[in-house]
Amino acid sequence: MNFTREERTALLALARSEELVGLADACLADSVVPRVLRAPEVGCVATQVREPIAGERFLLGDVLAVQAEVELGGARGWSMRLGDDRVAALAAAICDAEVAAGRTHAKDVLDLCGRVAAREAAAEAEEWARLAPTVVEFEELT
């Protein structure tokens with residue numbers, strides 16, 4: 001599967017911590033030493049949403065997030081995840097850099113992204129199936 005960098009980092013942000021850590025360990029198994037450009041840092045990110053009727057954007061509130069950035073094999077990797085799991089954020093950045101550098105485990109990272117995308121699509125379909133009986137359809141009178 002081929003993902004843009006934006007799609008890849010978004011999917012890595014949704015991956016389970018244990019998936020990321022195991023894969024990052026595999027990426028580092030060849031003794032390459034990542035250079036941490038930004039250590040995992042926890043902070044708040046303003047959440048903006050769009051009101052569906054008027055289409056106006058407004059700030060909903062702040063959410064807790066952690067971000068990290070590394071350099072691995074001459075390429076930079078970045079991640080931002082909701083919550084405060086610093087280890088998972090660093091692992092996601094390493095996985096991003098693995099793909100950006102075209103290293104040995106790049107395909108494994110892309111496979112993980114594919115599994116996460118499929119898992120998210122299945123969860124969304126399940127939610128819509130659960131909500132479908134509550135949909136009210138109106139007829140238009142002419």
Side-chain angles (χ1 to χ4, degrees), residues 1-140:
M1 247 180 216
N2 224 352
F3 298 100
T4 66
R5 180 141 195 240
E6 183 178 323
E7 292 168 335
R8 183 174 70 235
T9 56
L11 291 166
L12 290 173
L14 297 172
R16 295 182 185 120
S17 181
E18 61 273 7
E19 293 173 315
L20 288 169
V21 172
L23 188 50
D25 284 345
C27 293
L28 300 176
D30 63 357
S31 300
V32 66
V33 179
R35 186 166 67 106
V36 178
L37 303 174
R38 177 181 288 166
E41 181 180 344
V42 177
C44 288
V45 177
T47 304
Q48 188 180 92
V49 295
R50 184 179 56 83
E51 189 275 325
I53 304 299
E56 297 175 0
R57 294 185 177 274
F58 65 94
L59 292 178
L60 182 63
D62 292 334
V63 294
L64 190 65
V66 59
Q67 66 175 329
E69 187 175 8
V70 300
E71 185 178 333
L72 181 72
R76 286 183 167 207
W78 176 86
S79 76
M80 180 179 283
R81 294 173 51 91
L82 295 180
D84 62 353
D85 189 345
R86 290 175 171 92
V87 173
L90 188 59
I94 289 169
C95 290
D96 181 46
E98 183 81 5
V99 174
R103 291 177 31 85
T104 308
H105 292 283
K107 184 186 179 316
D108 298 333
V109 174
L110 295 175
D111 288 345
L112 172 61
C113 290
R115 289 192 305 274
V116 171
R119 194 165 55 222
E120 289 297 309
E124 185 177 333
E126 182 180 311
E127 183 177 6
W128 276 111
R130 192 171 40 83
L131 293 174
T134 67
V135 172
V136 177
E137 292 189 28
F138 294 94
E139 291 182 26
E140 186 176 323

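If you're wondering where the values come from, they're calculated on a predicted model, not measured in any experiment. Sequence positions, counted from 1, serve as the residue numbers for this chain.
Panel note: side chain Arg81, backbone Ala13; a donor-acceptor pair is recorded below 3.5 Å. The backbone N or O of Ala117 lies less than 3.5 Å from no partner atom in the side chain of Glu120, so there is not a single donor-acceptor pair. A distance-only check finds no donor-acceptor pair linking the side chain of His105 to the backbone of Glu98 [under 3.5 Å].
In Glu56, the CD atom is not crowded: 12 or fewer heavy atoms of neighbouring residues, nucleotides or ligands sit closer than 6.0 Å. Other residues, nucleotides and ligands contribute at most 12 non-hydrogen atoms within 6.0 Å of the CD atom of Glu124. Annotation: Glu51, atom CD; neighbour count of heavy atoms from other residues, nucleotides and ligands within 6.0 Å is above 12.
At least one side-chain heavy atom of Arg16 sits under 4.5 Å from a side-chain heavy atom of Arg119. With contacts defined as side-chain heavy-atom distances shorter than 4.5 Å, the pair Leu112/Glu19 qualifies. Between Leu72 and Val32 the shortest side-chain heavy-atom distance falls below 4.5 Å. A heavy-atom distance below 4.5 Å is found between the side chains of Val21 and Asp25. Put simply, the side chain of Arg103 reaches to within 4.5 Å of the side chain of Asp30, judged on heavy atoms. Between Val36 and Glu71 there is no side-chain heavy-atom pair separated by less than 4.5 Å. Taking the side chain as every heavy atom from C-beta outward, Leu28 and Pro34 approach each other to under 4.5 Å. A heavy-atom distance below 4.5 Å is not found between the side chains of Thr47 and Leu59.
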### Task
Applying side chain to side chain contact (heavy atoms under 4.5 Å, CB included), run through Val66 and Val42 and close with a yes or a no.
CA-CA 4 Å; Val66 59; Val42 177; 3.9 Å; yes
### Message
If you apply the rule side chain to side chain contact (heavy atoms under 4.5 Å, CB included), what do you find for Arg57 with Val49, and how did you get there?
### Response
CA-CA 6 Å; Arg57 294 185 177 274; Val49 295; over 6 Å; no
### Task
Dump the intermediate steps for side chain to side chain contact (heavy atoms under 4.5 Å, CB included) on Gln67 and Val45, then the final yes or no.
CA-CA 11 Å; Gln67 66 175 329; Val45 177; over 6 Å; no
### Query
Do Asp108 and Leu23 pass the side chain to side chain contact (heavy atoms under 4.5 Å, CB included) test, and can you show the C-alpha distance, the side-chain angles, and the key distance before you say yes or no?
CA-CA 8 Å; Asp108 298 333; Leu23 188 50; 3.7 Å; yes
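Atom CG in Leu131 sits 10.5 Å away from atom CD in Glu126 (nearest 0.5 Å). Distance SG/Cys27 to CD1/Ile94: 7.5 Å, rounded to 0.5 Å.
The minimum heavy-atom distance linking Ala101 with Gly73 is given by the pair CB-O, 3.7 Å. What you find for Ala97 and Ala75 is that their closest heavy atoms are CB-O, 3.8 Å. When all heavy atoms of Cys95 and Ala24 are compared, the closest pair comes out as SG-N, 4.0 Å. Residue Asp85 comes nearest to Ser17 through the heavy atom pair OD2-OG, 3.0 Å, listed as atom of the first residue, atom of the second, then distance.
Residues passing the salt bridge (Lys or Arg N to Asp or Glu O under 4.0 Å) test with Arg5, sequence neighbours excluded: Asp96.
The pair Asp111-Lys107 counts as a salt bridge, with a side-chain nitrogen and a carboxylate oxygen less than 4.0 angstrom apart.
Checking Leu12, Thr4, Leu11 one by one against Arg8, the side-chain contact (heavy atoms from CB on, under 4.5 Å) holds for a single residue, Leu12.
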